[in-house]
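To start, the structure under review is shown below, and the notes come after it.
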Protein chains: 2
Amino acid sequence: MATIQDVVKLSGVSVATVSRVIHNSPNVLPATREKVLAAIRELDYHPNRLAQQFRTQRTKCVLVLLPRLGDSFYSEILKGIEEVASAAGYHIFIANTGNNPEMAKFYYEALIQKQNDGIIDFSACLPREYMEEIAGQNPVVVACRYLSNSNVPNVTIDNLAASREMTEYMLNLGHRRIAYIGGNTELALYRSRLYGYRQALEERGIPAEETIIYTADPDIQGGYDAAMQLLRSGEKFTAIVTSGDTLAVGAIKALQERKLQVPEEIAVCGFDDIEISSLLSPTLTTIRQPRGLIGRHAMEKLLGLISGKDENLSEQIVLPYELVIRASSGKFRNNK
Amino acid sequence: MATIQDVVKLSGVSVATVSRVIHNSPNVLPATREKVLAAIRELDYHPNRLAQQFRTQRTKCVLVLLPRLGDSFYSEILKGIEEVASAAGYHIFIANTGNNPEMAKFYYEALIQKQNDGIIDFSACLPREYMEEIAGQNPVVVACRYLSNSNVPNVTIDNLAASREMTEYMLNLGHRRIAYIGGNTELALYRSRLYGYRQALEERGIPAEETIIYTADPDIQGGYDAAMQLLRSGEKFTAIVTSGDTLAVGAIKALQERKLQVPEEIAVCGFDDIEISSLLSPTLTTIRQPRGLIGRHAMEKLLGLISGKDENLSEQIVLPYELVIRASSGKFRNNK
DNA sequence: GAAGAGGATGTAACTGTTTACATACTCCCG
DNA sequence: CGGGAGTATGTAAACAGTTACATCCTCTTC
């Protein structure tokens with residue numbers, strides 16, 4: 001592997017000049033520049049990025065932490081991030097935490113140890129204290145998920161309000177016994193969505209019933225399993241509100257296997273509006289998050305933190321959501 | 001930011017000993033180790049990973065290049081990669097090329113410039129000569145896609161055979177005019193799948209007809225658009241073979257919008273067996289790729305290349321596939 | 001009690017860049 | 001023609017670790 005020293009020898013100029021040529025700095029005579037470039041070409045020299053980054057302590061790379069891979073929910077968000085990042089000359093790397101704190105810790109170590117310039121975290125599976133400590137010293141933005149009352153910059157929608165609005169919509173359709181299948185409430189995100197559901201019920205004077213509230217792994221299988229348990233429990237209900245489209249998809253699958261019509265017998269709604277939600281039959285009523293916007297805002301905030309121009313660690317950016325009404329909710333037919 | 005020198009001063013031992021403690025090497029007296037650890041704790045010292053990697057010229061990180069983000073096809077593959085990687089103490093970073101050679105080039109530069117130890121490339125959007133040159137000097141494995149006749153290690157299924165088998169299956173159902181919607185044939189991958197389709201037809205003495213062969217962007221929208229064009233063209237056909245599940249999903253959407261029954265009037269099949277294929281109605285007949293296996297083999301090959309134990313650059317690892325028959329193909333009803 | 005082995009620790013070179021500062025040169029103007 | 005400004009280039013010191021090799025102990029063994 002050729003180094004800058006080889007270029008120095010071949011071109012007959014100093015390291016400083018070679019470095020200047022590499023970085024297109026002015027104040028290099030065209031003839032000198034040409035000589036250096038010729039040497040670089042001849043040696044097939046590539047500056048060692050590790051050495052550069054080490055020297056400057058800047059990588060121009062940011063890390064995006066996802067809770068799971070291949071979730072199409074994130075694709076639009078990542079596009080938004082990439083857009084802003086590449087305009088600023090940054091590149092993004094994505095890593096998977098699998099919601100495993102150990103894994104997440106490794107990647108945060110990478111940040112602390114300067115292997116990248118910042119983190120946008122969609123996984124947020126580490127304790128609040130730890131996150132606050134790191135975010136106090138390093139550029140970190142948490143998005144979609146969040147840590148309640150923390151000094152970590154955050155980009156989300158108002159999950160509580162969205163979930164409440166969805167539940168209200170179900171109530172307005174005439175449903176009274178509405179089951180709930182949601183993600184683990186240890187996560188503030190899922191806690192908010194559950195609160196939204198509870199609030200909507202309470203506002204109508206309908207007490208939330210723990211026997212029809214289920215916690216599940218936030219994927220298709222989780223939704224399927226929870227719905228099956230719900231059906232086996234013998235509880236009566238005419239609708240299911242979920243905290244995620246994948247849960248809704250799984251729940252619908254379970255209902256259909258049991259020959260229950262959606263939405264005629266049971267209405268179901270999701271949350272997130274992932275790509276397949278408009279393709280399934282029935283198509284899914286859900287909450288659409290402004291995914292591109294989330295990505296762009298998160299990256300912009302991160303760039304502010306990296307440059308040091310933005311020091312506001314307690315900023316909570318809340319973006320608008322949209323209730324998307326499709327076939328899976330339908331009207332309540334009081335004919336059961 | 002504390003450095004190793006600060007630890008040296010506080011603990012009163014030498015850099016070498018501190019380094020030994022950091023790396024858990026033996027031959028450090030327990031008392032010394034404790035002293036050093038105490039200093040590390042007190043200073044909240046984190047070794048600068050950039051400096052470590054720079055010094056050792058090893059990052060213990062590999063890069064996975066995907067053609068697009070949020071494609072659930074890759075999630076199982078990535079799990080397979082991660083499994084093997086973490087067992088070997090490696091971490092993976094994922095980057096998106098968007099099939100853009102410029103982007104891909106940036107990440108290959110990252111490899112050449114030692115920012116990571118190897119690349120597994122699912123995007124393969126760079127010219128063969130370039131890839132061969134880089135793969136000759138650096139650990140690179142191309143997977144799922146490939147470059148024909150090249151000296152770049154490769155992990156795939158036999159796409160040609162799989163596509164041929166799928167088409168034969170359609171022929172066996174009684175279909176005779178089978179349309180084809182496939183990805184851009186500039187990619188060897190899609191070229192193979194198209195050849196498989198052609199071969200199957202020719203073996204039965206049925207000439208492939210260019211008027212019912214379409215090229216499309218390999219996503220839902222692409223499938224939808226191509227199918228719509230096909231319908232508008234007025235050509236008659238009773239089945240559509242596609243080169244990807246997303247294309248099939250889009251095509252089915254178009255057919256259903258035009259009130260054509262799938263599979264009763266038109267049979268459709270996909271390729272890849274992505275997660276949603278078994279959830280749609282009708283469920284999708286498709287080719288299942290052994291995704292976990294692909295990931296594991298690719299990572300194992302890469303580890304071999306990184307360690308230098310494996311120098312076989314022309315190895316083409318071909319894994320088995322499986323024809324998954326579901327509802328979307330159905331039996332041909334000659335009642336049109 | 002000397003020799004040798006082996007464990008614990010230290011010293012200093014080295015990794016490949018960037019960059020502050022120094023130097024040399026050219027040009028222009030009073 | 002001296003000196004100041006400005007441009008082009010060079011020198012050498014960082015950056016923060018790792019590691020080969022040297023050194024110094026402490027045992028063990030004959």
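Because the structure is predicted, anything quoted here is derived from the model rather than measured. Every heavy atom of this structure was used, including side-chain atoms; hydrogens, water molecules and symmetry mates were not. Per chain, numbering begins at 1; letters A, B, ... match sequence-line order.
Nucleotide D:dT18 holds its P atom 13 Å from the CZ atom of B:Phe54, rounded to whole Å. Nucleotide D:dA16 holds its C1' atom 15 Å from the CG atom of B:Leu43, rounded to whole Å. The distance between atom CG of A:Asn48 and atom P of D:dC15, rounded to the nearest whole Å, is 19 Å. In this entry the distance linking CZ of A:Arg58 with P of D:dC15 reads 17 Å, nearest Å. A straight line from CZ of B:Arg33 to C1' of C:dT9 spans 13 Å, rounded to a whole angstrom. Between A:Gln113 atom CD and D:dG17 atom P there is a gap of 9 Å when expressed in whole angstrom units. The distance from atom CZ of B:Arg20 to atom P of D:dT18 is 11 Å, rounded to the nearest whole Å. Note: NE2 (B:His23) to P (D:dA16) measures 16 Å, nearest angstrom.
Rounded to 10 degrees, the angle between the two end axes of the helix from C:dG1-D:dC30 to C:dG30-D:dC1 is 50°, with five pairs used at each end.
In this structure, CD1 on A:Ile306 lies 5.0 Å from CG on A:Asp117, to the nearest 0.5 angstrom. Atom SG of A:Cys61 sits about 4.5 Å away from atom CD of B:Gln115, to the nearest 0.5 Å. Between the CD1 atom in B:Ile294 and the CD1 atom in B:Ile157 there is a gap of 6.5 Å [rounded to 0.5 Å].
Side-chain atoms of A:Tyr45 and A:Val36, non-hydrogen and from C-beta on, never get closer than 4.5 Å to each other.
Proximity of A:Gln53 to the phosphate of C:dT17: no side-chain N or O atom is located under 4.0 Å from OP1 or OP2. At C:dG7, none of the side-chain N or O atoms of B:Asn27 fall inside 4.0 Å of OP1 or OP2 (strictly under the cut-off). Between B:Thr56 and C:dT15 there is no side-chain polar atom (N or O) within less than 4.0 angstrom of OP1 or OP2.
Residues B:Val28 and A:Ser19 each lie close to DNA chain C; by heavy-atom proximity, the contact nearer the 5' end of the strand is made by B:Val28. Both A:Ala51 and B:Ile22 sit near DNA chain D, but only A:Ala51 has its closest nucleotide nearer the 5' end.
In this structure, the side chain of B:Arg296 does not engage the main chain of B:Val84 through any donor-acceptor pair within 3.5 Å.
B:Phe54 and A:Phe54 have parallel rings, their planes meeting at less than 30° on a 0 to 90° scale where 60° marks the start of perpendicular.
Shown here for A:Glu315 and A:Asp310, the closest heavy-atom pair between the two residues is OE1-OD2, 4.1 Å.
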Worked check of side-chain hydrogen bond (donor to acceptor under 3.5 Å, both in side chains) between B:Asn116 and B:Thr59: CA-CA 6 Å; B:Asn116 35 256; B:Thr59 64; over 6 Å; no
Verdict with supporting geometry, A:Asp121 and A:Tyr108, side-chain hydrogen bond (donor to acceptor under 3.5 Å, both in side chains): CA-CA 10 Å; A:Asp121 189 353; A:Tyr108 272 97; 2.6 Å; yes
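If you check D:dT19, C:dG10, C:dG16 against the side chain of B:Thr17, the one that comes closest is C:dG10. In this structure, of C:dT11, D:dA16, D:dT11, it is C:dT11 that holds the atom nearest to the side chain of B:Val15. Between D:dT9, D:dG17, C:dG16, one nucleotide has an atom nearer to the side chain of A:Thr3 than all others, and that is C:dG16.
For A:Arg55 against D:dA14, a side-chain N or O and a base N or O form a donor-acceptor pair under 3.5 Å. Side-chain N/O atoms of A:Arg49 and base N/O atoms of C:dG16 include no donor-acceptor pair closer than 3.5 Å.
Of all the residues in residues 4-14 of chain A, A:Gly12, A:Val13, A:Ser14 reach under 4.0 Å from DNA chain D with at least one non-hydrogen atom.
Annotation: cation-pi pair A:Arg49/B:Phe106 present, NZ/CZ under 6.0 Å from the ring centroid and within 45° of its normal.
Within 4.0 Å (heavy atoms only), A:Pro26 reaches no atom of the nucleic acid at all.
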